[in-house]
Amino acid sequence: MRRLQRGHPMGVYPLGNALFDEAATRRRSEGLGDFQRLGDERVLQLLRSLDAKALGRCSAASSMLRGFTASEELWQVLGMALLLKAGEGRAGKSRDGLKGGHQLHWGGNSWREAYICSMGSTPAQGKMARVYSDVLYRSFYYAATELDPAWLATENLERVSNLSTQDFLERFEERSCPVIVSGCVKHWPALSRWSEESLVRRFGEIPFAAGPVDFPLKLFYSYAHQNMDDVPMFIFDKYFATRAPELLDDYEVPSIFRGRDLFNFLGDEKRPDFRWLLIGNKRSGSKWHLDPNKTCAWNAVVRGRKRWLLLPPGSPCAAVGTGVPSP
Amino acid sequence: MSTLVRNMVDDSGTDEEIPLPNVKTAILSKVIDYCKYHKDSPPEEIQKPLKSTNLVECGVSEWDNEYVNIEQEVLFELILAANYLDIKSLLDLTCAKVASMIKGKNTEEIRKQFNIVNDFTPEE
């Protein structure tokens with residue numbers, strides 16, 4: 001279960017709330033000094049060029065700058081740099097692990113707290129003076145907002161069970177029609193073996209791909225349980241068959257899809273990527289997209305729930321664009 | 001190089017005047033200098049976070065480094081102009097320059113440089 005903060009932990013509020021705070025205007029003006037004329041977006045932009053030490057010195061300058069320098073996006077970049085460095089250390093096949101430098105440990109509830117803990121320090125706690133900024137509040141708001149159940153109430157994708165291969169071909173594949181097939185995975189060992197406890201026990205130190213970085217699985221679960229990301233990172237790993245080949249024993253391709261994998265003819269070396277492990281906490285997911293090379297895919301949910309939103313072919317959706325991605 | 005100007009030209013062609021009420025003449029002139037210099041040679045991406053207070057060591061060219069060696073007041077006006085005109089490389093350069101001015105300093109020096117008041121209570 002992911003814990004969400006009720007209020008912003010660094011005392012950030014939407015800009016409009018400043019109307020109720022007489023001291024707000026003066027505090028903003030004095031606390032930002034010359035930076036106030038740049039506007040909040042530009043202040044955040046120039047903070048992106050600073051390392052952790054410089055951010056720390058800035059954060060001590062005023063309560064406004066403390067609010068700005070606490071912005072999660074800044075610390076996520078720094079935290080991911082630690083993961084990338086750890087990955088390079090592994091790739092260098094150093095038997096001692098990382099020589100020098102720090103590893104990312106997930107202590108606390110956020111990238112900022114995790115980074116500070118990873119450096120051996122303790123994040124400051126206690127009451128913070130209010131900072132009013134829509135730019136700073138925005139990402140927290142998206143992360144903390146509960147989804148309205150009404151948005152997810154529509155269920156109009158056909159759900160079938162006991163589907164024969166022939167039925168599947170005629171009713172769905174040949175018509176490019178999506179479908180939910182129940183009962184395909186109930187005998188998979190994965191249903192019991194892919195609990196968090198079991199996966200961490202078996203593969204906790206193995207890194208899995210989550211976008212641009214690799215997360216050791218145990219670290220990933222710590223992050224997934226306690227973060228403030230409005231767009232949480234999720235494991236989306238095409239290398240799992242080489243990194244943790246035992247996982248291949250925990251599932252099998254459902255019978256309705258077997259024997260028609262034409263890419264198989266290219267052999268494993270030449271065929272495009274074809275199997276992924278996905279692990280993510282609540283509200284993680286992909287944006288609108290077309291699958292690579294306009295291929296089709298089957299997805300099985302082993303733990304938790306996944307919401308699918310699908311548009312029919314030819315839908316004018318600006319978010320998808322016209323390009324067809326290929327791996 | 002300016003996405004704003006390009007969009008206006010795309011919409012209205014090159015015969016129409018382009019109003020830029022948010023940019024002072026002196027600043028626009030400096031922006032044009034930048035655009036003229038870089039029109040055929042786009043600058044390198046500046047590595048973040050900055051590894052040094054010397055921008056040249058961060059991948060900035062000597063010309064660009066000299067270009068932003070200006071009064072703080074003008075530098076901030078340039079940031080606003082680059083933002084308004086939507087010239088990404090100029091915005092990156094000017095923001096990197098300000099960041100380099102923060103980087104080398106301790107907290108008190110940062111306050112002095114940018115006229116920031118320390119409003120923390122003794123407990124904080």
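Letters A, B, ... mirror the listed sequences (proteins, then strands); counts begin at 1. The structure presented is a predicted model; accordingly, all values stated were derived computationally and were not measured.
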Enquirer: Evaluate B:D119 against A:S63 for side chain to side chain donor-acceptor pair (under 3.5 Å), listing each step before the verdict.
Expert: CA-CA 6 Å; B:D119 62 348; A:S63 57; 2.6 Å; yes
Enquirer: For chain A, which candidate among B:I79, B:N83, B:I46, B:N106 shows the most heavy-atom pairs at distances under 4.5 Å?
Expert: B:N83
Enquirer: Evaluate whether atom CD of B:E108 has more than 12 neighbouring non-hydrogen atoms of other residues, nucleotides or ligands under 6.0 angstrom away.
Expert: yes
Enquirer: In terms of heavy-atom contacts, does CD of B:Q72 have more than 12 from other residues, nucleotides or ligands at under 6.0 Å?
Expert: yes
Enquirer: Check step by step if side chain to side chain contact (heavy atoms under 4.5 Å, CB included) holds for B:I102 and A:L46.
Expert: CA-CA 10 Å; B:I102 297 172; A:L46 50 97; 3.8 Å; yes
Enquirer: Name the region of B:N118, side chain, backbone, both or neither, that has any atom closer than 4.5 Å to a heavy atom of chain A.
Expert: both
Enquirer: Ignoring hydrogens and angles, tell me if any N or O in the side chain of A:R57 forms a donor-acceptor pair with the backbone of B:K105 under 3.5 Å.
Expert: yes
Enquirer: Tell me, out of A:A60, A:C58, A:G56, who's got the most heavy-atom pairs with chain B below 4.5 Å.
Expert: A:A60
Enquirer: Check whether A:L65 gets within reach of chain B through its side chain, its backbone, both or neither, counting any heavy atom under 4.5 Å.
Expert: side chain
Enquirer: To the nearest 0.5 Å, how far apart are CZ in B:F76 and CD in A:Q36?
Expert: 10.5 Å
Enquirer: Go through A:A61, A:G33, A:A54 and name the one with the most non-hydrogen pairs under 4.5 angstrom from chain B.
Expert: A:A61
Enquirer: Measure distances from A:L32 to the heavy atoms of chain B and classify the residue's part below 4.5 Å as side chain, backbone, both or neither.
Expert: backbone
Enquirer: Report the distance from atom NZ of B:K48 to atom CG of A:D51, rounding to the nearest 0.5 Å.
Expert: 14.0 Å
Enquirer: Examine whether an atom of A:L78 lies under 4.5 Å from a heavy atom of chain B, and if so say whether it belongs to the side chain, the backbone or both; otherwise answer neither.
Expert: side chain
Enquirer: With a 4.5 angstrom heavy-atom cut-off, which part of B:F120 approaches chain A: side chain, backbone, both or neither?
Expert: side chain
Enquirer: Between B:E73 and A:R37, does any NZ, NE, NH1 or NH2 come within less than 4.0 Å of an OD or OE carboxylate oxygen?
Expert: yes
Enquirer: Would you confirm whether A:S62, through its side chain, and B:V117, through its main-chain N or O, come within 3.5 Å as a donor-acceptor pair?
Expert: no
Enquirer: Determine the option with the most heavy-atom pairs under 4.5 angstrom with chain A, choosing from B:E109, B:Q113, B:E77, B:K97.
Expert: B:E77
Enquirer: Measure distances from B:I110 to the heavy atoms of chain A and classify the residue's part below 4.5 Å as side chain, backbone, both or neither.
Expert: side chain
Enquirer: Can you see which heavy atom on B:A99 is nearest to which on A:S49, and at what distance?
Expert: CB-CB, 3.5 Å
Enquirer: Start with the C-alpha distance between A:E30 and B:I116, add both sets of side-chain angles, then the distance that settles side chain to side chain contact (heavy atoms under 4.5 Å, CB included), and finish with yes or no.
Expert: CA-CA 6 Å; A:E30 290 181 350; B:I116 292 164; over 6 Å; no
